[in-house]
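Comments concern the structure below.
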Protein chains: 2
Amino acid sequence: MYSLAEENYIKAIFHLQQQKKGAVSTNAIADSMETKASSATDMVQKLADKKVLSYVKYKGAQLTQEGRKTATTIIRKHRLWEVFLVDKLKFHWDEVHEIAEQLEHIHSTELIKRLDNFLGNPAFDPHGDPIPDEHGNFIKTEKKLLSQLKKTQFGVCVGVKESSPEYLQYLDKKKISIGTKINVLGKEFFDGSMVIEVGRDQFFISKKIAENLYVQTQ
Amino acid sequence: MYSLAEENYIKAIFHLQQQKKGAVSTNAIADSMETKASSATDMVQKLADKKVLSYVKYKGAQLTQEGRKTATTIIRKHRLWEVFLVDKLKFHWDEVHEIAEQLEHIHSTELIKRLDNFLGNPAFDPHGDPIPDEHGNFIKTEKKLLSQLKKTQFGVCVGVKESSPEYLQYLDKKKISIGTKINVLGKEFFDGSMVIEVGRDQFFISKKIAENLYVQTQ
DNA sequence: CATATTTTTTAGTCTAGACTAAAAAATATG
DNA sequence: CATATTTTTTAGTCTAGACTAAAAAATATG
Ligand SMILES: [Mn+2]
Ligand SMILES: [Mn+2]
Ligand SMILES: [Mn+2]
Ligand SMILES: [Mn+2]
């Protein structure tokens with residue numbers, strides 16, 4: 001049983017490892033946890049003692065099998081609770097992250113088993129992120145960033161890379177959600193901006209918008 | 001915003017005040033929190049600084065308006081989550097307490113508002129305890145302990161005073177749950193034991209069983 | 001009502017998890 | 001490749017919330 005702080009670190013390290021292969025630096029961990037590097041070093045040393053991760057001074061940390069198992073369980077809980085909040089309690093997709101950040105730490109395997117069932121064993125959370133199964137396996141989906149599409153290509157929105165309320169509210173305003181079809185009408189080489197078509201609307205989006213939206217093509 | 005430890009103390013003090021009017025001793029708090037008296041004194045002093053309660057050295061603690069508000073909000077959350085676990089996730093009434101003990105600390109007023117609605121604004125939890133409204137008001141019910149009934153009287157089970165798995169499982173075995181009608185066929189003056197009728201079954205119960213079950217008469 | 005007993009508080013420690021400042025190692029640069 | 005810069009760790013502190021042992025206050029008792 002890990003403490004709240006330990007769980008949050010384990011999850012953060014898992015996500016950092018997804019982004020870039022190899023060991024994660026204590027500085028990167030500190031940044032993502034919004035804490036100081038010395039605090040991250042401290043915690044990483046404690047987690048290494050507990051065999052949650054392997055740690056080589058000045059080289060960084062890597063989760064062990066046990067660490068990855070713990071991380072995926074937390075992520076599973078986080079995403080299942082997000083589904084509950086959106087599907088059952090009718091929260092909007094931009095409102096659920098902070099609450100799920102708390103709910104993911106409730107300890108009860110029976111609870112999560114029953115919740116999963118109650119929700120109909122969903123495969124994706126409201127932001128399009130896959131929900132790992134009890135063994136920590138993720139469904140692999142072929143997705144790319146909207147920014148990777150070329151003029152005249154199209155894709156279906158399957159997720160968001162960034163899920164801040166600001167970004168999600170922007171997408172709402174533009175009527176983009178999971179499942180929305182997006183046509184790329186034009187793309188500016190200079191700044192990566194695009195003109196896209198969503199439903200009957202055509203509009204301009206910046207590179208920043210395009211590179212935070214996942215789409216499935218073909 | 002109070003810490004997990006503070007919230008648990010505040011709730012415990014509220015419950016102790018319900019049982020017996022007047023100030024609650026730090027020893028009683030320590031007992032109910034399963035901690036040492038010195039730890040309870042420490043925490044009570046901190047909560048007094050925060051105006052959650054008034055505290056007179058060697059006399060004990062009493063929650064302020066603010067303290068009572070906080071306590072009833074936690075109790076409201078605890079009981080609503082219990083309803084969720086039993087009604088929606090089909091947990092048994094003896095399995096939910098420990099999980100609700102964690103869930104009651106999730107901070108989000110919007111969440112609890114929506115949960116209440118989702119559950120159909122229940123008035124009682126699975127153990128028959130009233131769920132306070134947003135303002136902290138409890139429904140007052142006329143209930144007495146089964147042990148207070150005399151021979152030939154009857155009552156309908158409306159709640160339990162003790163809600164340990166052991167006790168609840170005993171009640172299950174005897175087919176007693178919220179709403180069950182109980183006839184007192186006999187009562188032993190010497191030890192307070194009773195012979196009761198539940199449905200078609202007649203059996204003996206000890207005083208300890210009888211004084212942990214709430215019934216409504218008339 | 002003086003003294004023994006019980007209850008409650010205080011003083012001093014410990015651990016988890018944060019922080020700052022300084023030291024040490026790794027990396028970048030002329 | 002010697003030195004400057006950046007990254008990372010270490011040493012030392014702090015706070016919340018626990019603990020033990022001792023002191024002090026309240027209460028019980030002959
Ligand atoms: Mn979290
Ligand atoms: Mn999500
Ligand atoms: Mn609790
Ligand atoms: Mn209950």
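Order of the sequence lines fixes the chain letters, A, B, ..., with proteins taken first and strands second; residue numbering starts at 1 for each chain. Computed over heavy atoms, backbone and side chain alike; hydrogens, waters and symmetry mates excluded.
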Inset, instruction - Rounded off to whole Å, could you give me the NZ-to-P distance for the A:Lys36 and C:dA21 pair? - result: 9 Å

Write down the protein N/O and nucleotide N/O pairs, taken from nucleotides 22-29 of chain C, whose separation is under 3.5 Å; answer none if there are no such pairs.
| unit_1 | atom_1 | unit_2 | atom_2 | d |
| --- | --- | --- | --- | --- |
| C:dA25 | O4' | A:Tyr58 | OH | 3.4 |

Legend entry - Interatomic distance, B:Glu34 CD vs D:dC19 P [rounded to whole Å]: 11 Å

Inset, instruction - Give the intermediate values and the outcome of side-chain contact (heavy atoms from CB on, under 4.5 Å) for residues A:Leu85 and B:Leu111. - result: CA-CA 8 Å; A:Leu85 294 172; B:Leu111 172 62; 3.5 Å; yes

Inset, instruction - Output the distance between atom CD (A:Gln17) and atom CD1 (A:Ile29), rounded to the nearest 0.5 Å. - result: 8.5 Å

Inset, instruction - Evaluate the ring planes of B:Phe84 and B:Phe118, with Trp represented by its six-membered ring, and classify them as parallel (under 30°), tilted (30 to 60°) or perpendicular (over 60°). - result: tilted

Legend entry - Presence of A:Thr35 side-chain N/O under 4.0 Å of C:dG17 phosphate oxygens OP1/OP2: no

Legend entry - Step-by-step side-chain contact (heavy atoms from CB on, under 4.5 Å) determination, B:Val158 to B:Thr141: CA-CA 9 Å; B:Val158 293; B:Thr141 52; 5.8 Å; no

Inset, instruction - For B:Asn8 and D:dA16, give me the distance from atom CG to atom P, rounded to whole Å. - result: 17 Å

Inset, instruction - Could you tell me whether a side-chain N or O of B:His97 sits under 3.5 Å from a main-chain N or O of B:Ser164, the two making a donor and an acceptor? - result: no

Inset, instruction - Output the distance between atom OG (A:Ser54) and atom NZ (A:Lys59), rounded to the nearest 0.5 Å. - result: 13.0 Å

Inset, instruction - Can you measure from OG1 (A:Thr70) to OH (A:Tyr2) and round to the nearest 0.5 angstrom? - result: 4.5 Å

Inset, instruction - May I ask you to decide if B:Pro130's main-chain N or O and B:Arg79's side chain share a donor-acceptor pair within less than 3.5 Å? - result: yes

Inset, instruction - Give the angle between the helix axes at the two ends of the helix from C:dC1-D:dG30 to C:dG30-D:dC1, taking five base pairs at each end and rounding to 10°. - result: 10°

Inset, instruction - Give the C-alpha distance, both sets of side-chain angles, the deciding distance and a yes or no for salt bridge (charged side-chain N to carboxylate O under 4.0 Å, His left out) between A:Glu101 and A:Lys11. - result: CA-CA 11 Å; A:Glu101 203 56 49; A:Lys11 192 178 63 149; 2.9 Å; yes

Legend entry - Side-chain donor-acceptor contact under 3.5 Å, A:Thr73 with A:Lys77: no

Legend entry - NZ on A:Lys36 to CG on A:Asp42, rounded to 0.5 Å: 14.0 Å

Legend entry - Any residue meeting side chain to side chain donor-acceptor pair (under 3.5 Å) with B:His92, in chain and number order, not counting sequence neighbours: B:Asp94, B:Asp172

Legend entry - Distance test, side-chain N/O of B:Tyr2 to OP1/OP2 of D:dG17, below 4.0 Å: no

Legend entry - Under 3.5 Å: donor-acceptor pair, side chain of A:Glu82, backbone of A:Ala100: no

Legend entry - Whole angstrom value for the distance that separates C1' of C:dG17 from CE of A:Met33: 11 Å

Legend entry - Evaluation steps, side-chain contact (heavy atoms from CB on, under 4.5 Å), between A:Tyr9 and A:Val52: CA-CA 11 Å; A:Tyr9 271 98; A:Val52 167; over 6 Å; no

Legend entry - Positions of residues 37-50 of chain B (non-hydrogen atom under 4.0 Å from DNA chain C), listed by number: B:Ala37, B:Ser38, B:Thr41, B:Gln45

Legend entry - Near-strand residues of residues 17-27 of chain B, defined as heavy-atom separation under 4.0 angstrom from DNA chain C: B:Ser25, B:Thr26, B:Asn27

Inset, instruction - Treat primed atoms plus P, OP1 and OP2 as sugar-phosphate and everything else as base, then score nucleotides 1-6 of chain D 5' to 3': B for base contact with protein heavy atoms under 4.0 Å, S for sugar-phosphate contact only, - for none. - result: ------

Inset, instruction - Determine: side-chain N/O of A:Tyr55 to OP1/OP2 of D:dT8, distance under 4.0 Å, yes or no. - result: no

Legend entry - Any donor-acceptor pair under 3.5 Å from A:Ser193 side chain to A:Ile205 backbone: no

Legend entry - Check: B:Tyr167 side chain, B:Ile209 main-chain N or O, donor-acceptor pair, under 3.5 Å: yes

